[in-house]
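The structure appears right after this line, and notes come after that.
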Amino acid sequence: MASRPRRSQYIPQEIEPKWQKIWADRGVMKANDASPKPKYYDLVMYPYPSGDLTVGHARNYVMGDALARMKRMQGFEVLHPFGWDAFGLPAENAAMKRGGLHPAEWTRNNIAKGKRELKMMGMLYDWDREVTVCEPDYYRWTQWLFLLMYERGLAYRAMAPVNWCPVDKSVLANEQVINGRCWRHPDVEVEKRDLEQWFLKITDYADRLLDDLQKLDKWPAKVRVMQTNWIGRSTGAEVDFPVDGMQGEVVKIYTTRPDTLWGATFMVLAPEHPLVEKVTTDKHRARVREYVEKARKETEIERLSTEREKTGVATGGFAINPVNGEKIPIWVADYVLVTYGTGAIMAVPAHDERDFEFARKYDLPIREVIAPPAGPHGALREAYLDAGVMVNSGQFSGLESAVAFDRIVEWLESQGIGKRAVKYRLRDWLISRQRYWGAPIPIVYCPKHGIVPVPVADLPVELPAEYRPLSEQPDWFQTKCPIGGEDARRETDTLDTFIDSSWYFLRYASPHDETQAFDPELANHWMPVDQYTGGIEHAILHLLYSRFFVKVLHDAGLVKPTEPFVRLFNQGMVKRFGQVMSKSAGNGVSIDELAGAQGADAGRIYEMFIGPPEEDVEWSDAGLNGVVKFLQRVWRLVLEPDSIVADGDGAAAATRAVDAVALRRKVAQSVGRVTEHYDELRFNTAVAFLMELANTMQDYLQGGGARDLEWDGAVRVLLKLLNPLAPHACEEMWARLGEEGLLADASWPTFDAAAAAEPLVTLVVQVGGKLRDRLEVKVGLSEAAATEAALASDKVKNALSGRGPSKVIYVQDRLINLVP
RNA sequence: GUCGGCGUGGCGGAAUGGCAGACGCGCCAGCCUUAGGAGCUGGUGCCCGAAAGGGCGUGGAGGUUCAAAUCCUCUCGCCGACACCA
């Protein structure tokens, strides 16, 4: 190219910084709170500033940025903010690794680096609204939200086991426990310690979190299913089983199958169940204690093999089945979880796989009470789980088990031995972290007044400057009681970082408000988020927590919406060598490398073209060249059409010449398809359509098409459609065409149905479902006329081998099918 | 184990039930050029055929339909989530 000076060259390294500066100077990315335009809140999941933003992150952000740019051109006032999930473990680990480095310093360095890279990719974020959760002006309000929860009775303290490394004298996250050992000390077994912890009562919102999923019809079905399963609501009955020989002592069990009550042949308590000691007879005490001890330790270490054989011991105690007065033995087994239901079950081996397995192993009786359609088995080979006719069930025998549920529950209630009950898999959210790098929990423990929340006026409770566990910094944690001024002690735990991220999207609405977490008026203006884009790895926790927070804030009268995110999209991960890309894994491709190689625009298009947005993709540089070629071709089409005409091979080009009508049609069609696919974030096909448009335009030129208004229109549409993905190049070309700023002033092209309509359609003629011929016909041909035209074709006559069709199927204007 | 998703050329992948393989990579041939990893033109699912044309083709087996990559049943393979939730 260097040898052809007549051509202007596409040199991204020159034009990209230039346009980035112009955009910044013009402030095109700023969201105006007072704009009369309709709002569009385009949110991408903020990253952890780990210092290695890769092309994997960029894939998410290109989608968000392209959408924001399109929406701006469509006349929306777009809020497209960015921030940093800056509290958390990696900063502490990095600080530990490099002795002397403070997590704050490490974090801030990474943020600076990441910000530079994002700007380099041409992302237009409203940096005036940047949010960094580790800064006091943010976590002040995180603490305030905790106090709000506390005030509303949603935060409470309870004992909970934590992973404890005896060498580090520190709590470990679950991910840091590998095979029951500390990740940093593979020879050291992690201990389980019971510590007093803070919880949020998310279970109070279980029903609403579940039911409102139905409103989220623009969320991927997959995520809704995952959340549904996570919440895990089941309906059943709680039934009281008196303990034999112990006046007034009952074991409450939970079952989803009250229709199988008559088949209960034993009872099982979780090892941690409070009644275990009581029901155990002296004869069995030693063995039971040994089992409980062992079970406790095992679950602590790891539930490695879930397929392991069930174990348990008899307590020697008996319970009375209240429905038939039967005495059934009470066992203890670790397959019953103390954390679910009542921690105790009635075991119905005939109709439950687990109970069946257990009964077989310990030779406990199995009694069939639900007969399959084929009739009772007598000797069961496996548990029968489906519905059937109830047998051996007193007055309910003969009833269809499927319809018996309600009647049995009513009867239990009338007898005072049981009641309807709903249970959840969801547990309350443990939010205490015995970590330095997080928002301190704003609580003071006073010997006189007990748990005392820090007054809002005293927020933030700032982290001490020194990086050391808070519990080892008496200068920091020694304080006075806010109520009476007594010597008191601060809470030394910090908040789970998921709290930070459960409300950051609200802070963006009024990021500098020093009087409140967010301005309700502005929050209600921008909320809910119209499009939320991020990784599937947050399908459950982050999204569930954010939904929970918004519901609580709604109940507190602070936000109107009950759901934060209208439309959710989970983009796939970028992998390399089969693994998720990251610097620490050594397979990362940085944004620097991508933008440096062939420019940000090529990188942006390539990120989108590499595969379907929701699928994981394997990174390779192979296709990047094709994208660069495409950009260069657009450049030539727009600015150097002469060189394209000159390159055309007249003879060849004539065979697929595109006339003005065909060009107009293609342009109109592209507007429709590209707009629709951008909107649905299907960027890979949108890019393909843009390539098709460029191909068509090239054919038009090479076939001798005039460079008239038709052509100029096509050029402008191409630039506008391509602008969200390749903004620098398009702005530059637009400017060279002598137009005003593309981003600032241009509007999105509108779809012209008339231009897109085809004056002639291809009538596809099938015989017996097989393609036989294609005929050019007028749009809207009647069925009779279409059939006549089809039958005139020799090929069709051949296929019908002389006979006429016995049946004619005519579909739209495009297809006719003759059945011989 | 349960739930969910996915199997289409050499590769990434397109296809409201209606011309399978768009778009791109790669490859082949040619053109252009003061030897470029640039640009341009044509070709490129498989088989038979010089060609025209014909046959076969979306993991496998059935089914529904005038018509199936697409819907249904079974099956094989890969991936993901949950994992004893009574």
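Throughout, a chain's letter reflects where its sequence line sits, starting with A, and its residues are numbered from 1.
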With a 6.0 Å cut-off on ring centres, are Phe358(A) and Trp331(A) close enough? yes
Non-neighbouring partners of Ser620(A) that pass side-chain contact (heavy atoms from CB on, under 4.5 Å), sequence neighbours left out: Tyr606(A), Ala622(A)
What's touching nucleotides 25-28 of chain B from the protein side, N or O pairs under 3.5 Å?
unit_1: C25(B); atom_1: OP1; unit_2: Lys629(A); atom_2: NZ; d: 3.3

Searching all strands shown, indicate the nucleotide that pairs with [N] (Watson-Crick or G-U wobble; both distances under 3.5 Å).
N: A86(B); answer: none
N: A14(B); answer: none
N: C56(B); answer: G45(B)
N: A81(B); answer: U2(B)
N: G39(B); answer: C31(B)
N: U73(B); answer: A61(B)
N: A20(B); answer: none

Considering residues at least two apart in sequence or located in another chain, which fulfil the ring-ring contact (aromatic ring centres under 6.0 Å, His included) criterion with His538(A)?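 ring-ring contact (aromatic ring centres under 6.0 Å, His included) list for His538(A), sorted by chain: His542(A).
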By ring-ring contact (aromatic ring centres under 6.0 Å, His included), Phe569(A) pairs with (sequence neighbours left out) none
Starting at atom CG of Leu701(A), determine the distance to atom P of G39(B), rounded to an integer number of angstrom.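 Computing the Leu701(A):CG to G39(B):P distance gives 18 Å.
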Over how many whole Å does the gap from Asn229(A) atom CG to U2(B) atom C1' extend?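 My rounded result for the distance is 9 Å.
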Could you tell me how far G42(B) sits from A22(B) if I compare only their P atoms? Round to whole Å. 15 Å
Please report the distance separating the P of C74(B) from the corresponding atom of U2(B), rounded so that it comes out in whole Å.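 13 Å, rounded to whole Å.
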Using a distance-only test with no angle check, is there a side-chain donor-acceptor pair under 3.5 angstrom linking Thr685(A) and His677(A)?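 Distance-only check passes for Thr685(A) and His677(A).
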Measure from the side-chain heavy atoms of Arg636(A) and tell me the nearest of C40(B), C23(B), C3(B).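 Among the listed nucleotides, the one closest to the side chain of Arg636(A) is C40(B).
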Ranking G80(B), C84(B), C3(B) by distance to the side chain of Val225(A), first place goes to C3(B)
Please state whether the phosphate of A83(B), meaning OP1 or OP2, lies under 4.0 angstrom from any side-chain nitrogen or oxygen of Arg425(A). yes
With rounding to the nearest 0.5 angstrom, report the OG1 to CD1 distance, Thr265(A) to Ile366(A). 7.5 Å
Assign a letter to each nucleotide of nucleotides 13-19 of chain B from its 5' end: B, base within under 4.0 Å of a protein heavy atom; S, sugar-phosphate only; -, no contact. SSSB-BB
Please tell me which of Thr342(A) and Trp230(A) maps to the more 5' nucleotide of RNA chain B, matching each residue to the nucleotide holding its nearest heavy atom. Trp230(A)
If you look only at pairs with a residue in residues 216-227 of chain A, which of them pass as a salt bridge (charged side-chain N to carboxylate O under 4.0 Å, His left out), with sequence neighbours excluded? none
Mind checking Ser234(A) for me? I need base, sugar-phosphate or nothing, with any heavy atom below 4.0 Å counting as a touch. sugar-phosphate
